[in-house]
Number of protein chains: 2
Amino acid sequence: MTAVGLRERKKAATRQALHEAALRLALEHGPDRITVDAIADEAGVSRRTFSNYFANKEEALFHGDLRRMRALADLVRARPASESPWAALTAAAEEHYAGLGDLDPEWVARGRLVRRHPSLAAAQVQTFATMESELAAEVAARLQGQDPLGVRAKLVAATFMAVLRVSLNVWLEHPAEISYWELARESLAETGRGFT
Amino acid sequence: MTAVGLRERKKAATRQALHEAALRLALEHGPDRITVDAIADEAGVSRRTFSNYFANKEEALFHGDLRRMRALADLVRARPASESPWAALTAAAEEHYAGLGDLDPEWVARGRLVRRHPSLAAAQVQTFATMESELAAEVAARLQGQDPLGVRAKLVAATFMAVLRVSLNVWLEHPAEISYWELARESLAETGRGFT
DNA sequence: AGCAAAGTTGCGCAACAGGCAAGTTTGGGA
DNA sequence: TCCCAAACTTGCCTGTTGCGCAACTTTGCT
């Protein structure tokens, strides 16, 4: 009768625990000075189990971002089908970020971590790329028939994610001068002119 | 007196040899069934030396793409300073791809490899990301003073590379129906409307 | 000719991904 | 309520990797 079984919940909890352990250790010792062993320990699980959940530390570290972005994707899905893809994406982003965006402390912490440790940039890019293809599928659904090769869907998704990524990185360099969402909204508006 | 010393040339040759060895073996056995050892052997060099040139197989595999893209960046640099960044980028791409783009057999081979082995997608994304930041620097030079936070430069570079990447991937799925550059040009035109 | 800088190599080690099989937990019938 | 199959965890193990270090070789400059 539970909406989702115990099994599922336990899995999610373990994944989350691993993620949080990774983040905690990375913040404390620096992301390049931690081992998978240490993360598993910190999460109270065997090293082998870590491998069942994540392919490597970076994936564990950015799991939170992926979750956040999946939440954004859900908002996109919830937008009225009548909206154009780009409109739906920006509207969903507005909902997602405008209110409490900058306030998630974990999100900010991860951001700062990336800023201070350029070696993490690769993993960040990877995370955005993952979401890009998930979003492309959603966009494609809105373009049934109008996009024979599927270029447009992928183009829109890629551009959207690229703008969010660039905005994030710029904001991390100038966090005091502007809010993330202000920056992102403006960038989206400018870049999106091709899709309206 | 030589324009470039023997030292430099030898290094370039070794790097190229490693790259070609990696590509050859990947094509023959599949990219996930080859070891760094094997690549170094094939290139007639020690495993340790491989590490002096590339951080991992993927980097070796995509070295050719990076070279290609750097050539494109050179074309960008050569465009008149009076052109807007986006105009310079697209014009350079036109020069680069329009003529012989699809004809470089290595380039096509790598493309097919990525298409058949999704595990390589990560490395491909990484390669484009690398070029993105190199290009951003070039674009920034054209926006002296007009781009206080540096957003615009990064935005333009990111969008440009995203379009090329998406176009490539779409083209790889439909190579018969259209030429790469036709597809990319159209995508650039559409997406670039925000930057004109 | 000769020396300093750059490049190569072998050795060694900590770390890691992931196959396999034995144990443990969960959930859906009967 | 009980039971079993499927799902999950864990330990063990192997092949691979990235990189520091120190010895050796090659290159370039004078």
Side-chain angles (χ1 to χ4, degrees), chain A residues 1-22 25-26 28-63 117-123 126 130, chain B residues 1-23 25-26 28-63 117-123 126-127 130:
Chain A
M1 192 47 64
T2 45
V4 49
L6 171 58
R7 211 159 205 146
E8 299 292 318
R9 261 178 299 133
K10 263 198 162 176
K11 265 195 94 163
T14 304
R15 181 172 269 109
Q16 184 67 20
L18 282 166
H19 163 55
E20 284 170 18
L25 292 178
E28 188 173 352
H29 303 116
D32 19 342
R33 276 176 216 156
I34 66 179
T35 72
V36 170
D37 264 307
I39 299 173
D41 264 16
E42 176 89 4
V45 105
S46 78
R47 196 198 66 81
R48 191 60 185 77
T49 293
F50 177 97
S51 283
N52 291 337
Y53 283 89
F54 299 108
N56 49 54
K57 328 183 226 305
E58 287 75 27
E59 212 175 286
L61 212 41
F62 285 95
H63 174 241
H117 299 272
S119 60
L120 292 180
Q126 235 28 266
T130 301
Chain B
M1 193 47 63
T2 46
V4 50
L6 171 59
R7 210 162 209 146
E8 298 294 317
R9 261 178 299 131
K10 263 199 161 176
K11 264 196 97 164
T14 304
R15 181 171 269 110
Q16 185 66 19
L18 281 166
H19 163 56
E20 283 169 18
L23 184 55
L25 292 178
E28 189 173 349
H29 303 116
D32 20 343
R33 276 176 217 156
I34 65 179
T35 72
V36 171
D37 263 309
I39 299 172
D41 265 15
E42 176 89 5
V45 104
S46 78
R47 182 177 78 83
R48 190 61 185 80
T49 293
F50 177 97
S51 284
N52 292 338
Y53 283 90
F54 299 108
N56 49 55
K57 326 185 228 305
E58 286 75 27
E59 212 176 286
L61 212 41
F62 284 95
H63 174 241
H117 299 271
S119 60
L120 292 179
Q126 234 31 263
T127 309
T130 300

For atom [atom1] of [X] and atom [atom2] of [N], their distance in whole Å:
{"X": "B/Phe50", "N": "C/dT8", "atom1": "CZ", "atom2": "P", "value": "13 Å"}
{"X": "B/Lys57", "N": "C/dC16", "atom1": "NZ", "atom2": "P", "value": "16 Å"}
{"X": "B/Arg7", "N": "C/dA6", "atom1": "CZ", "atom2": "P", "value": "7 Å"}

May I ask you to verify if any side-chain N or O of [X] is less than 4.0 angstrom from the OP1 or OP2 atom of [N]?
{"X": "A/Lys11", "N": "D/dC8", "result": "yes"}
{"X": "B/Tyr53", "N": "C/dG7", "result": "no"}
{"X": "B/Lys10", "N": "D/dT27", "result": "yes"}

Problem set entry | Within residues 28-46 of chain B, residues whose heavy atoms come under 4.0 Å of DNA chain C |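 B/Val45, B/Ser46, in order of number.
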Exercise. Which pair of non-hydrogen atoms, one from A/Lys57 and one from A/Val36, has the smallest distance, and what is that distance?
Worked result: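 Residues A/Lys57 and A/Val36, closest heavy atoms: CG-CG2, 4.1 Å.
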Exercise. Do you know which two heavy atoms are closest between A/Ala26 and A/Leu61, and how far apart they sit?
Worked result: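 That closest heavy-atom pairing would be CB-CD1, 3.9 Å.
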List the atom pairs, with distances to 0.1 Å, where a side-chain N or O of residues 46-54 of chain A and a protein N or O form a donor-acceptor pair under 3.5 Å, not counting sequence neighbours.
from    : atom 1 : to      : atom 2 : distance (Å)
A/Ser46 : OG     : A/Arg48 : N      : 3.4
A/Ser46 : OG     : A/Thr49 : N      : 3.1
A/Ser46 : OG     : A/Thr49 : OG1    : 3.1
A/Arg48 : NH1    : A/Asn52 : OD1    : 3.1

Problem set entry | Partner residues of A/Glu59 under the salt bridge (charged side-chain N to carboxylate O under 4.0 Å, His left out) criterion, sequence neighbours left out |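 Salt bridge (charged side-chain N to carboxylate O under 4.0 Å, His left out) list for A/Glu59, sorted by chain: empty.
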Problem set entry | Non-neighbouring partners of B/Glu58 that pass salt bridge (charged side-chain N to carboxylate O under 4.0 Å, His left out), sequence neighbours left out |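 Checked B/Glu58 against salt bridge (charged side-chain N to carboxylate O under 4.0 Å, His left out); zero matches.
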Problem set entry | Nearest to side-chain heavy atoms of B/Asn52, which nucleotide of C/dT8, C/dA5, C/dG18 |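 Closest of the options to the side chain of B/Asn52: C/dT8.
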Exercise. Of all the choices, D/dA7, C/dG18, D/dT9, which nucleotide is nearest to the side chain of A/Thr49 once you look at every atom?
Worked result: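 Selected nucleotide: D/dT9.
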Expected rows: protein N/O vs nucleotides 19-22 of chain C N/O, under 3.5 Å:
from   : atom 1 : to      : atom 2 : distance (Å)
C/dG19 : N7     : A/Arg48 : NH2    : 2.9
C/dG19 : O6     : A/Arg48 : NE     : 2.5

Exercise. Excluding sequence neighbours, so at least two apart, what forms side chain to side chain donor-acceptor pair (under 3.5 Å) with A/Gln126?
Worked result: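 Here no residue qualifies.
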State the [atom1]-[atom2] distance between [X] and [Y], to the nearest 0.5 angstrom.
{"X": "B/Ile34", "Y": "B/Asp41", "atom1": "CD1", "atom2": "CG", "answer": "12.5 Å"}
{"X": "B/Leu25", "Y": "B/Ile39", "atom1": "CG", "atom2": "CD1", "answer": "6.5 Å"}
{"X": "A/Glu20", "Y": "A/Glu42", "atom1": "CD", "atom2": "CD", "answer": "10.5 Å"}

